[in-house]
Asks: 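Sharing a structure here in structure tokens format.
One-based numbering, in listed order, for ligands and for the atoms of each.
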Amino acid sequence: MPFLSTSKLITIERHIAEEGALHPKATGEFSHLLRDFTLALRILARDVRRSGLNDVLGVTEDVNVHGERVKRLDIHANEVIFRAMDHGGHLCVMASEEADGLIPIPPEYRTGKYVLVFDPLDGSSNIDVNVSIGTIFSIYKRVDPDLTTPGSLEDCLQPGWKQVAAGYAMYGSSTQLVYTSGNGVDVFTFDPTIGEFLLTFEKIKIPSRGKIYSVNSGNAYKWPQGMRDYVSHLLRPSDDGMRPYSLRYVGTMVADIHRTLHYGGIFMYPSDSSMSTGKLRLVYECNPMAFIIEQAGGKATDGHRRILDLTPTSLHQRVPCFMGSPDDVDECVRFLHAAEHQ
Ligand code: AHM
Ligand code: MG
């Protein structure tokens, strides 16, 4: 795959403004919201890069060499996003992995028609060791059209198919922003010298089948039979050379999904005997990723239902998840179901 699949020189702001201009009723508010959000991502890209240097890294309540309290990078990321998004007048409420309840818009600011849910820094176990981490987000329209009232839990618990936009930033060897507003998936790469996210892949498509599976195999002893059967199948050589599959697992969902999006294959976090709903959170991890994967031509399921059709019942609800190339996900589901019906 070429590193550059577009010849356009275009920033994300311009791209979003052009997408907005296609909608006759667009007010430009959504573009402004995303402009505020990408400011937070720019700041976080800088802070993640410097994290080994500036004492942001460390444990909450630690004291740095200057005698100041230092914050964990994930708490810091949460605050940066809040401070970029609370005053723009575009949001009515937010929810984050780092906050137990809803994050209201402070009363001194106007409320708007959108809802933001996010995982400020995904891949927490990789933060301290300079392995790729990321930020995941979703945007919805508020349920109650009365813009003067605060947003509610109902706004944050909408099924994923109602997402207006979703994306993730991956702070890897470069910072990339992968974004969809339901019109395909575009990838923007951050150029720190000009401070802009530039379009680098346009309308990316996931291969219909890959040769990589991604799962925490350390949990294999707790997996349901269908999972064990499926992974055994992937590891058995086939005459057509399509198997065995390779295993790749970073342990940061953003990085594992990013690779899956480009190379194809399947990413899984199944339920097991100790985690009946798996580990990953529906609202701000699985739903945005499912939207992106589907928009790229892939599939995302909890083993029984399309992730985007699930109606969340709580902010931090967990669901099993299987997502990636459509043929791989279909095959996985066949194995899961076969074992359930034995
Ligand atoms: P986090 O939000 O605390 O970082 O947890 C979510 C992460 C995902 O990024 C990743 O896919 C998963 O947890 C890895 O979990 P495990 O270490 O159990 O394999
Ligand atoms: Mg996370």
Asks: Sort out the contact shell of ligand 1: every protein residue with a heavy-atom distance below 4.0 Å, listed by chain and number.
Replies: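 These residues qualify: Glu97, Asp119, Asp122, Gly123, Ser124, Asn216, Tyr249, Gly251, Thr252, Met253, Phe267, Tyr269, Lys279, Leu280, Glu285.
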Asks: Salt-bridge test for Arg281 and Asp119: reply yes if a basic N is under 4.0 Å from a carboxylate O, no otherwise.
Replies: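 Here Arg281 does not pair with Asp119 in a salt bridge, since their nearest N and O are not under 4.0 Å apart.
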Asks: Please name the atom of Asp119, restricted to N, O or S, that is closest to the Mg ion (ligand 2).
Replies: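 Nearest N/O/S atom: OD2.
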Asks: Kindly report the OD1-the Mg ion (ligand 2)-OE2 angle for Asp122 and Glu285 respectively, rounded to 10°.
Replies: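 Result: 100°, to 10°.
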Asks: Any carboxylate oxygen within less than 4.0 angstrom of a Lys/Arg side-chain nitrogen, looking at Glu294 and Lys299?
Replies: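 No, this pair does not count.
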Asks: Tell me if the CZ atom of Arg306 is crowded by more than 12 foreign heavy atoms within 6.0 Å.
Replies: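 Counting other residues, nucleotides and ligands, CZ of Arg306 exceeds 12 neighbours.
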Asks: How are the rings of Phe201 and His262 set to each other: parallel, tilted or perpendicular (split at 30° and 60°)?
Replies: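 Phe201 and His262: perpendicular rings.
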Asks: Given Phe137, which partner from the list Tyr179, Tyr168, Tyr284 fulfils the side-chain contact (heavy atoms from CB on, under 4.5 Å) test?
Replies: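 Single pass found, and it is Tyr179.
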Asks: Check Glu285 with Arg318, please: is the shortest side-chain N to carboxylate O separation under 4.0 Å?
Replies: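 No salt bridge links Arg318 with Glu285.
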Asks: Take a 6.0 Å sphere around CZ of Arg83 and say whether it holds more than 12 heavy atoms from other residues, nucleotides or ligands.
Replies: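 12 or below, so no.
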